[in-house]
Each structure stands twice: as C-alpha cells, then as structure tokens.
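Residue numbers begin at 1 in each chain, while the letters A, B, ... track the order of the sequences.
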2 protein chains.
Amino acid sequence: MSNSDKSNLYTTQFKALSNPHRLTLFRRLMSCCVPGTVCNTDEVTRICVGDLGEGMNIVASTLSHHLKELNRAGLIQMEREGKTIQCWVEPKVLTELASFFAFTESK
Amino acid sequence: MSNSDKSNLYTTQFKALSNPHRLTLFRRLMSCCVPGTVCNTDEVTRICVGDLGEGMNIVASTLSHHLKELNRAGLIQMEREGKTIQCWVEPKVLTELASFFAFTESK
DNA sequence: TCAATAATTCGAAACATGTCGAATAGTGAT
DNA sequence: ATCACTATTCGACATGTTTCGAATTATTGA
C-alpha cells in the first residue's frame, strides 16, 4: 500500500469517526476490549444492526447509512446471520489506529 | 470532563483529521516523534504557517482556515514569534488519541 | 405462498464544509 | 510613516453530509 493510499485510508477512517452517531456505534462495538489491555482476538463482541441502534434517536435508514460508512472505512465488519446482520470490530483495526498516533511515519 | 464532552472532543478531533490537507499538516508537525517511541517532550518540532503549507496546493487563506480548525480541535498549538506564527503538536495529544483505540472506555 | 421481521436503497430537503479572492491586521526594517 | 512580509478574516459559491420517509430486498416461520 502506497503512502498516499494509507493517508486516504486514515482520512476516510477519521471522517467515519467524526460523526457523533457513528462514534457511538463504533464505541459500542469496541467494548470487546478489557480495560488497560489490547483487544482479545478470541472474544469479539458481535451485535446486530437493530440492537446497535437501540436508544439512539435515529430511524433505521439513517442507522443503516452510518453502519455502511463505518464498514466502507474498514472500521467494522458486517455479516448476515439468519434474519439479522451482525457487526463487529476487528482488533487489528484498533491497534493500527493507535499506532498512527504512537509512531512517526513518513510524511 | 463528562463522557459526552469527551465524545464531543473526539468527534471534533477526528473531524479535523478527516480532511486530507489537514491530515498532511498534522503529520508534518507530528514528526517530532522518534520511530517506535513516544514523543520526546523536550524536542517538539515548531514550524511556521508559511513553511507548513509548502508544496500543498492551497492558497494562504485556506491554509489559515485549516490550521485554525486543527487548533480549535486542540490538536495543534499556535503562537506568534515575530513576523511568523509557529505551530506545534503537544505530545500529550498523541498519547491521548492513541489511548482511545487501545483501551475500553465507558460508552 | 403469505405475512412478519430485519435491514437496505433511493430521492429530497436542510445543513455543513472546502475553497478562493479581496480586504484587513500585525511585525520589523528602511 | 511607509513598505514588504506574514498571516487572518470575510463573503460567496460549489460540493458534501445528515437525515427522513417511502419503497424494496432478504430471511424465516405459519
């Protein structure tokens, strides 16, 4: 992956997290992590679309749109499971984003 | 700081980093870090506004607007030094953003 | 096959953002 | 005081984003 591709990915990911509703959704899915540790690969939280939007004041189509954005940005995964669609965060996504702020990379 | 204030700060900061020009500016200022380590507090890179925009295809007023956004988001500091205005990144900003992705926080 | 549930797609309206050029303001030197 | 240099503010325009409701698709069970 070229440097400009990496930059594009970061801007896309940060844009996805720049909306309050999307940040809320992402944080709900991030809760697979034990405080003070890196995410446990073996126990990733999976939540279906409907449950994810629970208590958020948005209609289904808006929720769907936001999850699609998070997915397009590579921040969350989505997979149909019977009648529902399950969502989760791959731990690698978190470690890579953390490393963006921790290390110098070429400009 | 309340949880919703923290969320607002994060969305503001991610929004600031979601623009390609602003991400480029931020990364130029991030280069105070030694690869594989946390930023060195004693040697923060300071670059003036004009030099920061060097080689980016934007006019001065646009550059100024973007730096103001980064500053409003708390991502960069700005200080007049004679005829120029110097910009830099406080290392604490980087460690706090890295920790967002490394740890679980309350939803 | 039909109905119920879960979720997506589409189009439209309101709102926010990125960009520029022109005008303005601060600083230091002549 | 005036000039050159550095940077910001302002207004305008084009482009993107957020949101909703209505229509559509996918899946399962009766």
Side-chain angles (χ1 to χ4, degrees), chain A residues 4 7-29 44-89, chain B residues 4 7-29 44-89:
Chain A
S4 84
S7 273
N8 289 341
L9 177 61
Y10 285 128
T11 55
T12 301
Q13 293 184 324
F14 292 141
K15 177 167 285 172
L17 296 176
S18 76
N19 175 277
H21 288 144
R22 285 195 298 266
L23 189 68
T24 299
L25 294 166
F26 186 71
R27 297 185 94 173
R28 285 184 179 183
L29 288 171
V44 171
T45 303
R46 292 167 65 97
I47 311 180
C48 76
V49 171
D51 287 354
L52 258 178
E54 199 60 41
M56 296 178 65
N57 232 24
I58 49 176
V59 301
S61 58
T62 303
L63 174 61
S64 185
H65 165 71
H66 283 318
L67 290 173
K68 192 178 172 187
E69 287 295 301
L70 288 167
N71 180 246
R72 275 196 335 112
L75 290 170
I76 69 170
Q77 309 305 122
M78 303 177 82
E79 186 180 61
R80 180 171 283 279
E81 194 174 301
K83 218 178 331 193
T84 68
I85 292 184
Q86 299 291 318
C87 308
W88 72 97
V89 172
Chain B
S4 85
S7 272
N8 289 340
L9 177 60
Y10 285 128
T11 55
T12 301
Q13 292 185 325
F14 293 142
K15 178 167 286 173
L17 296 176
S18 75
N19 176 278
H21 288 144
R22 286 196 297 265
L23 189 69
T24 299
L25 293 166
F26 186 70
R27 296 185 94 172
R28 286 184 178 183
L29 288 171
V44 171
T45 303
R46 291 166 66 97
I47 311 180
C48 75
V49 171
D51 288 353
L52 260 178
E54 201 59 43
M56 298 178 65
N57 233 24
I58 50 175
V59 301
S61 59
T62 302
L63 173 61
S64 186
H65 165 71
H66 283 318
L67 290 173
K68 192 177 170 186
E69 287 295 301
L70 288 167
N71 180 246
R72 275 195 336 112
L75 291 169
I76 69 169
Q77 309 304 123
M78 304 177 80
E79 184 179 62
R80 182 171 280 280
E81 193 174 301
K83 216 176 337 191
T84 67
I85 293 183
Q86 299 290 319
C87 308
W88 73 97
V89 172

**Report entry** Euclidean distance, atom CD1 of residue B:I85 to atom C1' of D:dT9 [Å, nearest integer]
**Finding:** 12 Å

Query raised in the report: Is there a side-chain contact between A:L70 and A:L17, using heavy atoms and a 4.5 Å cut-off?
Result: yes

Query - Any donor-acceptor pair under 3.5 Å from A:S64 side chain to A:S61 backbone - result: no

Query raised in the report: Residues two or more places apart in sequence or in another chain: which of them pass side-chain contact (heavy atoms from CB on, under 4.5 Å) with A:Q86?
Result: A:R46, A:C48, A:E81, A:T84

Requested in this report: Return each pair, listed once, that meets ring pair (Phe, Tyr, Trp, His ring centres under 6.0 Å) where at least one residue sits in residues 57-85 of chain A; pairs must be two or more places apart or across chains.
Outcome: A:H21-A:H66

Query raised in the report: Among A:T24, A:L23, A:N19, which residue meets the side-chain contact (heavy atoms from CB on, under 4.5 Å) test with B:T11?
Result: A:L23

Report task. Identify the heavy atoms of A:L52 and A:L25 that sit nearest to each other, and give their distance. Result -> O-CD2, 3.6 Å

**Report entry** First and last nucleotide of DNA chain C, 5' to 3', lying under 4.0 Å from heavy atoms of chain A
**Finding:** C:dT5 to C:dT9

Query raised in the report: Would you say A:R22's side chain and A:K15's backbone share a donor-acceptor pair under 3.5 angstrom?
Result: yes

Query raised in the report: Among residues 59-73 of chain A, which residues get a heavy atom nearer than 4.0 Å to DNA chain D?
Result: A:V59, A:S61, A:T62, A:H65, A:H66

Query raised in the report: Given side chains that start at C-beta, do those of B:M78 and B:V49 come closer than 4.5 Å, heavy atoms only?
Result: yes

Query raised in the report: To the nearest angstrom, how far is A:N57 atom CG from D:dT18 atom P?
Result: 17 Å

Report summary line: On a heavy-atom basis, the closest approach of B:A16 and B:L75 is CB-CD1, 3.7 Å

Query raised in the report: Is there a residue in residues 74-82 of chain A whose heavy atoms reach under 4.0 Å of DNA chain D, and which residues are they?
Result: A:R80, A:G82

Query raised in the report: Would one find a side-chain N or O of A:N19 under 4.0 angstrom from OP1 or OP2 of D:dT18?
Result: yes

Query raised in the report: Considering only heavy atoms, which members of residues 46-54 of chain B lie under 4.0 Å from some atom of DNA chain D?
Result: B:C48, B:V49, B:G50

Report task. Please answer whether the main-chain N or O of B:G82 pairs with a side-chain N or O of B:R80 as donor and acceptor at a distance below 3.5 Å. Result -> yes

Query raised in the report: CD of B:Q86 versus C1' of D:dA7: gap in Å, rounded?
Result: 12 Å

